[in-house]
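First up is the structure itself, then whatever we jot down about it.
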Amino acid sequence: MNESRVDRELLVLVATYNEIENLPSLIDAILAAVPSADVLVIDDGSPDGTGVWCDQRCAVEPRLSVVHRTGKLGLGSATIRGMREAIDRGYRLVATMDADFSHPPDRLPDLIEPLRGESKTDVVVGSRYVPGGRIEGWPWTRRWMSRWINRFARWVLWLPVRDCSGAFRVYRTELLERLPPESLRAQGYAYLEEILFRLVRTGARIREVPFVFRDRIKGQTKINWREAVAALWTIVKLGVLRR
């Protein structure tokens, strides 16, 4: 990354594993939607050339940087690494989003806006489950699974958020500094619920902004029933901690 850049408002994190079909277009779309942002890709040694493409693009695009990791270490640890990078590099805001266009880049400005100026909001969640939000392209089984995981998380963890399991979010980094990302315990996708749980306990103020989630067209999804069961078990353990 070009360290001479003055604008340190926003770093957008994109964790990747075999996303060469999506990433080039996604990076263009992010930088078009938020020209002042920088983008950090955390790549888990993708064998399809995702990391190689990042290196080539970084050579001509100062707003893009990449961290290469050896092996498929997972979305949760990739996000934690990216949050630490955002803190250490001095960004005021850090956004997280998937690499498959299910989180629309053109909605990023709507997630950033509530965090500007004298706003009292600390975290903005792109939400599928508030009025105006919805899911397109999922079978009923996956819709059912997602709905009930979110309801379960809200009930067990007392979260004031309807979409607890979505990764389309923007955080104030000063908040993450008070809650070091490395302190998260969850493995797999349950880190999404855990970070909200821990931030709420510190008094974080969260706002949800609706968006339309569209299932990926290219590439393969990384979540399965085993991941869902693991997430539920982690939520139960966090619920015990809350009590």
Taking every heavy atom of Arg89 against every heavy atom of Ser65, the minimum-distance pair comes out as NH1-OG, 3.1 Å

Can you check side-chain contact (heavy atoms from CB on, under 4.5 Å) on Ile30 and Met97, steps first, answer last? CA-CA 10 Å; Ile30 292 171; Met97 62 188 301; 3.7 Å; yes

*asked:* I'd like to know if Arg69 and Asp44 make a salt bridge, using a cut-off of under 4.0 Å between side-chain N and carboxylate O.
replied: yes

Note to self: If the threshold is 4.0 Å, N to carboxylate O, is there a salt bridge linking Arg92 and Glu174?
What the structure shows: no

Notebook entry, point to check: For residues Tyr17 and Thr50, is any side-chain donor paired with an opposing acceptor at under 3.5 Å?
Noted result: no

Task: Sub-4.5 Å side-chain heavy-atom contact between Val39 and Leu31 - done: yes

Exercise for review: Consider only side-chain N and O atoms of Arg207 and Ser127, and report whether a donor and an acceptor are under 3.5 Å apart.
Suggested key: no

- Taking the six-membered ring for Trp, are Phe168 and His103 parallel (under 30°), tilted (30 to 60°) or perpendicular (over 60°)? parallel

*Decide, yes or no, whether a salt bridge links Arg147 with Asp163 under the criterion of side-chain N to carboxylate O below 4.0 Å.*
no

Quick check: are there more than 12 heavy atoms from other residues, nucleotides or ligands sitting under 6.0 Å from CZ of Arg172?
-> yes

### Message
Taking the side chain as everything from C-beta on, heavy atoms only, tell me whether Thr16 gets closer than 4.5 Å to Ile42.
### Response
no

So, Arg8 versus Ser36: side-chain donor-acceptor pair below 3.5 Å or not?
-> no

Scanning both residues in full, the closest heavy-atom pair of Phe211 with Pro104 reads CD1-CD, 3.5 Å

Minimal heavy-atom distance between Tyr129 and Ser146, with the atoms involved, is OH-OG, 2.6 Å

| request: Take Ile195 and Met83 through the test side-chain contact (heavy atoms from CB on, under 4.5 Å) and record every step on the way to the result. | output: CA-CA 12 Å; Ile195 192 168; Met83 288 176 169; 3.5 Å; yes

Output for pair (Arg198 CZ, Glu193 CD), nearest 0.5 Å, gives 13.0 Å

Is a side-chain donor or acceptor of Asn150 paired with a backbone partner of Cys164 at a separation under 3.5 angstrom? yes

Shortest non-hydrogen pair, Val123 vs Leu115, comes out as N-CD2, 4.1 Å

Begin with the C-alpha distance, continue with both residues' side-chain angles, and end with the deciding distance and a verdict on side-chain contact (heavy atoms from CB on, under 4.5 Å) for Val125 and Leu111. CA-CA 7 Å; Val125 173; Leu111 269 65; over 6 Å; no

Value for CD1 (Ile135) from CZ (Arg128), rounded to nearest 0.5 Å, stands at 5.0 Å

Worksheet item: Are Asp28 and Ser25 linked by a side-chain donor-acceptor pair shorter than 3.5 Å?
Response: no

Next on the checklist: Under a 4.0 Å threshold between the charged nitrogen and the carboxylate oxygen, would Asp122 count as salt-bridged to Arg205?
Outcome noted: yes

Tell me whether Asp106 contacts the main-chain N or O of Ala33 through its side chain, where contact means a donor paired with an acceptor under 3.5 Å. no

Quiz item: Taking Asp43 for the side chain and Ser46 for the main chain, is one N or O donor matched with an acceptor at less than 3.5 Å?
Solution: yes

Output for pair (Glu9 CD, Thr173 OG1), nearest 0.5 Å, gives 10.5 Å

- Item | ring-ring contact (aromatic ring centres under 6.0 Å, His included) between Trp138 and Phe213, intermediate numbers included | CA-CA 9 Å; Trp138 274 6; Phe213 178 101; 5.0 Å; yes

So OG of Ser165 and CG of Leu192: to nearest 0.5 Å the spacing works out to 7.0 Å

Legend entry - Close side-chain approach of Leu10 to Val94, heavy-atom, < 4.5 Å: no

Check your understanding: Is a side-chain N or O of Asp100 found less than 3.5 angstrom from the main chain of Asn22, in a donor-acceptor match?
Key -> no

When every non-hydrogen atom of Leu23 is compared with those of Cys54, the smallest separation belongs to CD2-SG, 3.5 Å

Scanning both residues in full, the closest heavy-atom pair of Leu175 with Ala204 reads CD2-CB, 3.7 Å

- Task: Mind running side-chain hydrogen bond (donor to acceptor under 3.5 Å, both in side chains) on Thr121 and Arg116 for me, showing each step along the way?
- Result: CA-CA 9 Å; Thr121 302; Arg116 286 181 167 151; over 6 Å; no

